[in-house]
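Counting convention: from 1, in listed order, for ligands and their atoms alike. Position 1 is the first residue of the sequence; numbering continues from there.
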Amino acid sequence: MSQQLDDQPSFAPPRAVIVRGVAGSFDRALRTDTSRAIDVPLARIQHAAYVRAIESMGIEIVRVPADESCPDCCFIEDTAVVTGVHAVLTNQGADVRRGESAAVRPVLDRWCTVHEMEPAATLDGGDVLRVGGTLFVGITERTNRAGAWRLMQVAASEGLKTILIEVGKGLHLKSSCTLAAPDLVLFTEGAIDRSPFLNAGLRCLAVAEPCGSNVLAIGRTVLVSSQAPATAAVLREQAGTEVRVLDVSEFHKADGALTCLSIRIPVPGMWCT
Ligand code: CIR
């Protein structure tokens with residue numbers, strides 16, 4: 001691993017993972033392609049399998065009940081960014097999703113000092129990729145510079161660096177770029193400028209499958225979408241990486257994937273993504 005990352009605390013599975021139920025109104029979630037109907041009962045089955053996969057790693061699961069008035073509430077990642085002992089409760093870029101944060105706050109209070117944002121600042125958790133002591137923050141239609149700045153302030157109080165990335169394509173930074181191992185960034189070819197990651201000493205691996213670049217690394221286990229079999233095969237070749245494939249087809253239909261279904265709480269003194 002590079003010099004830049006050598007001094008960072010260790011990458012470790014989270015101490016707890018917060019998830020939120022799938023609302024009966026999930027078939028009305030925001031989405032760019034409305035041609036395929038969302039099957040809510042199937043989404044709930046897939047969500048339960050996602051939760052079981054994480055729970056089977058010995059991680060505490062904290063459940064926030066679904067809110068029928070918030071069709072996208074299962075995408076809980078967007079509501080907050082946990083930097084360690086602090087967390088930022090976001091103003092989501094999509095106005096219709098702003099009601100989702102209130103129920104998440106009391107849960108975060110258990111581990112973190114929770115900070116809020118000014119109304120003009122917007123940020124979605126899907127735009128924040130943590131790697132060691134650095135937060136890569138995508139500037140997108142959902143996250144503006146004021147939102148990134150607010151996060152930067154809180155992150156700096158924990159000694160974390162923030163690097164902004166202009167995201168030209170896709171909904172969020174993590175729609176096309178996530179971490180598969182502590183020093184390995186997966187990304188969709190052409191979607192993102194990889195130089196900020198290379199400059200930080202990280203390895204970058206391009207994947208062809210659109211659903212392949214959003215994976216969730218829980219320690220050395222990586223959750224991969226079943227719609228990305230070639231990505232799963234490539235990751236199986238990475239030394240020390242265990243791949244678990246999950247069907248999240250109904251969440252893909254609403255422009256979501258694996259990271260967006262949870263908020264991960266790091267073990268004190270360690271980091272997770
Ligand atoms: C939205 O458009 O906001 C949701 N339908 C999808 C959010 C996905 N979130 C994420 O990847 N972090």
Side-chain angles (χ1 to χ4, degrees), residues 14 17-40 43-44 46-47 50 54 64 66-82 87-101 104 122-130 135-144 147-148 151 165 167 169-179 185-188 191-192 209-217 223-225 227-228 246 248-264 272-273:
V17 165
I18 311 172
V19 295
R20 190 160 193 183
V22 177
S25 55
F26 180 53
D27 54 349
R28 288 186 268 118
L30 296 176
R31 54 199 181 123
T32 44
D33 176 4
T34 52
S35 63
R36 294 168 305 157
I38 292 176
D39 181 334
V40 176
R44 286 181 167 149
Q46 293 176 349
H47 191 267
Y50 173 88
I54 297 171
V64 180
D67 178 343
E68 290 305 318
S69 68
C70 298
D72 283 286
C73 67
C74 57
F75 297 126
I76 191 171
E77 173 178 67
D78 294 320
T79 63
V81 177
V82 176
V88 174
L89 203 65
T90 65
N91 288 335
Q92 290 197 56
D95 289 355
V96 292
R97 295 195 57 194
R98 295 225 175 153
E100 295 172 20
S101 300
V104 179
T122 65
L123 180 77
D124 280 10
D127 279 319
V128 184
L129 175 62
R130 169 128 189 207
L135 299 182
F136 293 93
V137 182
I139 301 300
T140 63
E141 285 184 8
R142 298 289 179 89
T143 294
N144 64 20
L151 175 61
I165 300 181
V167 178
K169 288 185 188 162
L171 179 62
H172 290 128
L173 173 68
K174 286 190 287 193
S175 304
S176 49
C177 147
T178 51
L179 203 70
V185 176
L186 282 194
F187 68 98
T188 308
I192 212 102
E209 294 158 324
C211 295
S213 53
N214 186 286
V215 299
L216 178 57
L223 306 184
V224 182
S225 166
Q227 292 188 18
L246 290 175
V248 285
S249 64
E250 301 317 291
F251 303 102
H252 288 321
K253 288 178 185 172
D255 303 327
L258 291 152
T259 62
C260 42
L261 295 174
S262 58
I263 296 173
R264 284 77 57 190
C272 59
T273 196

| query | Which of these passes side chain to side chain contact (heavy atoms under 4.5 Å, CB included) with Leu123: Thr79, Asn91, Val137, Thr140? | reply | Val137

| query | Can you name the nearest heavy-atom pair linking Asp67 to Cys73, along with the distance? | reply | N-SG, 3.5 Å

| Is the closest basic N to carboxylate O distance between Asp78 and Arg97 below 4.0 Å? | yes

| Do Val167 and Ile192 come within less than 4.5 Å of each other through their side chains, counting heavy atoms only? | yes

| Do the ring planes of Phe75 and Phe251 sit parallel (below 30°), tilted (30 to 60°) or perpendicular (above 60°)? | perpendicular

| task | Identify whether the distance between the nearest side-chain nitrogen and carboxylate oxygen of Glu100 and Arg20 falls below 4.0 Å. | result | no

| task | For ligand 1, list the protein residues that place a heavy atom within a distance below 4.0 Å of one of its atoms, sorted by chain and number. | result | Leu30, Asp72, Phe75, Glu77, Asp78, Arg97, Gly126, Arg142, Leu171, His172, Ala254, Asp255, Gly256, Cys260

